[in-house]
Amino acid sequence: MILDRLNKKLVEVVKNKAAEKSVEISEEILNQIYFEINDEESHGDYSTSCALKLAKTFSMNPREVAESLVEHLTLPSIKSLAVEGAGFINVYLTSNEKSLLLKEIVKLDSEWGKNEKNKGKILIEFVSSNPTGPLHVGHGRGAILGMALSNLLENSGYKVTKEYYVNDAGRQISILISSILVKAYIKNFNIDGMYEGSYIHELAQEFSKDHGKVDIALKSEELSDDKEKALDQISEYFQTNHANEWEAAKNFSVANILDTIKQELHSFDIVHDNWFHESSLGSIQDSDSDLSKSLSAIEKAGHTFSRDDAIWFRTTEFKDDKDRVLLRENGEPTYYLTDVGYHKNKIDRDYDLCINIFGADHHGYITRLTAAFDVMKSKEQEIEFMLYQLVNLYEDGNKRAMSTRKGEFYSLEELRKELGPDVIKFFFLEKKSDHPMDFDINLAKDESKNNPYFYSQYAHVRCCSILTKKNFDPDIQVDDKEIEKNFDIVNKLLNFPHFLERYTDERSPHSLVHYVKDLSAAFHTFYEQNPVINDEEKIENSRLLLTLATRVVLANSFRILNVKPLEKM
RNA sequence: GCGCCAGUAGCUCAGCUGGAUAGAGCAGUAGCCUUCUAAGCUAUUGGUCGGGGGUUCGAAUCCUCCCUGGCGCGCCA
């Protein structure tokens, strides 16, 4: 890549200069010796401010430093170099170099933008919503983010495993099963806190069809006034008196709801490689289970203590505000311990990096999970978190009301049926994830340039439409002037791999969306001002080259964003 | 009270590992269709980057204090 060559050369020249002057350049400054990509033609294709940073070390003024570096910065692809402003060095590439690079893009096609620089194994966990109901819009944001980030990471060489953690044990699941059994067998019985909604009704109906009549002796009058206690009493009742039905209902409902979730994710082209069940972590009684292994790992490291008959993890040693219980007074593991056990399992599967995508309301969890991870991990393993905030739906300028009378969030399925999956993906990815988002439904439905999704797709469609009429011919000469005329578009296309690298390192898929919008805008401008199909063969072929390269880059970007590029509209 | 995230144009947001005049879209204003889809393009109006200090050649970007908003602070999951 041209930028890599430039940077290598620059560092070499700077080091020579330092040797000549017998001065030492600090590591910190050395890391700042590089060229940046310009988005404005006035400063050339690339520029560096390294002369300003080196001024002190070299005890010269910045412009002098720049001048002395420029003398030695010669490469065949460079047309000219200039020292401008306070001491910036600007590089102008030859237009012939640009033409050659564009031809390279076209040749590489879907490979353009990929790199193999990174070798690590990454586990990325996302969605992981409880199998107690359908996905809501907020889950959708996490799902879409996770998928795009996975694609970005894979694109730059990482080996990525996408995983969904299924909370198929614990109290919420018990309440779900109770809710279904109650709905199936008892009339007019309702406790605050039980799951509701049409899906519960349907599951109950289907379950009772398969399992015939069951006599239930449970009476609401006998339950505690405390609704939380009452919920547990119901679970207990079923588990002792109707153990078979309980087991059956559990398997049936979890499988069913999980299936619904999986289908919804599939309609967004989101596919996990692995569905990890909480129940597979085993029990604390089994010393070979992940649960037990994780607990003893922390104990062995000397970070636990006993208090009130519970076992605690001294997480305050890891900047947590309070210590955390791992094993409860009653001998049962806390939710925290199961999560620690899950992460022990991830560690043992030998990933270099574990990325967790969490709803921002779970951010309080980061410190304690990191603490456990750091205690249990081996060598250079790392953990990283990405948070996503709420999505507010707006329509006609008003916030759209919550979906159900229970104040639940809008379901993802409803939104998808209203808008289609791809526009939702594009909109969700456009905003930084760790920021609450206002989603404008009217805008998402709009089919004009106001809607960035359509605007970007339309650029791709225009490329395709031209290319069906005539295609770029590599055997016909290209007019370098035509290439040079279109700085914006060429600059974006040539540096695509660098941009992707940055977005990967920054974990910022939203930047890729902005890139796509910018490239689309540059292409629309080009389209209006440069009729591609043309009598001048060389000019036509040059414009076809630009069109084809744009189509390649837009398609590759859409692929990473997990959005299907349209060829016709 | 403590912690995390944020406050940039009328609106929705980029820019934040410090760099050359703070960007885009919408909304506003003025233009462009016998020509590859006008589902588009061009020009233009609009900002003491929440406020005060500091660090330096240089701060929207780093540090610090304050103000405002969102979220979180269970032997729940």
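Below, chains carry the letters A, B, ... as their sequence lines are ordered, and counting in each starts from 1. None of the values given here were measured: they were computed from a predicted structure.
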Quiz prompt | Carboxylate-amine/guanidinium contact E163(A) K346(A), below 4.0 Å | solution = no

Exercise. Is it possible for you to check whether R462(A) lies under 6.0 Å from the centre of the six-membered ring of Y527(A), through NZ or CZ, and within 45° of that ring's axis?
Key: yes

According to a strict under-4.0 Å criterion, is [X] in side-chain N/O contact with OP1 or OP2 of [N]?
| X | N | value |
| --- | --- | --- |
| K56(A) | rC57(B) | yes |
| K322(A) | rG74(B) | yes |
| T334(A) | rA77(B) | no |
| Y503(A) | rA14(B) | no |
| K432(A) | rG15(B) | yes |
| R328(A) | rC76(B) | yes |
| R368(A) | rC4(B) | no |

Exercise. Between rU44(B) and rC26(B), how far apart are the P atoms? Round to whole Å, please.
Key: 15 Å

Quiz item: Any donor-acceptor pair under 3.5 Å linking the side chain of S542(A) with the backbone of D479(A)?
Solution: yes

At 4.0 Å (heavy atoms only), tell me whether [X] reaches a base, stays on the sugar-phosphate, or touches nothing.
| X | result |
| --- | --- |
| H510(A) | sugar-phosphate |
| S448(A) | sugar-phosphate |
| E329(A) | base |

Self-check item: Nearest-nucleotide comparison on RNA chain B, the residue closer to the 5′ end among A521(A) and A169(A)
Solution: A521(A)

Self-check item: Whole-Å distance separating the CG atom of D518(A) from the P atom of rC41(B)
Solution: 13 Å

Practice problem: Can you tell me the distance, in whole Å, between the CG atom of L369(A) and the P atom of rG72(B)? | Solution: 18 Å

Quiz item: Hey, is rC33(B) sitting syn or anti, using the within-90° cutoff around 0?
Solution: syn

Quiz item: Can F88(A) be called stacked on rA20(B) when the rule is centres closer than 5.5 Å and an angle between planes below 30°?
Solution: yes

Quiz item: Where is the tightest heavy-atom contact between L145(A) and S433(A), given as atom of each residue plus distance?
Solution: CD2-CB, 3.6 Å

Quiz item: Is the number of heavy atoms from other residues, nucleotides or ligands under 6.0 Å of E382(A) CD greater than 12?
Solution: no

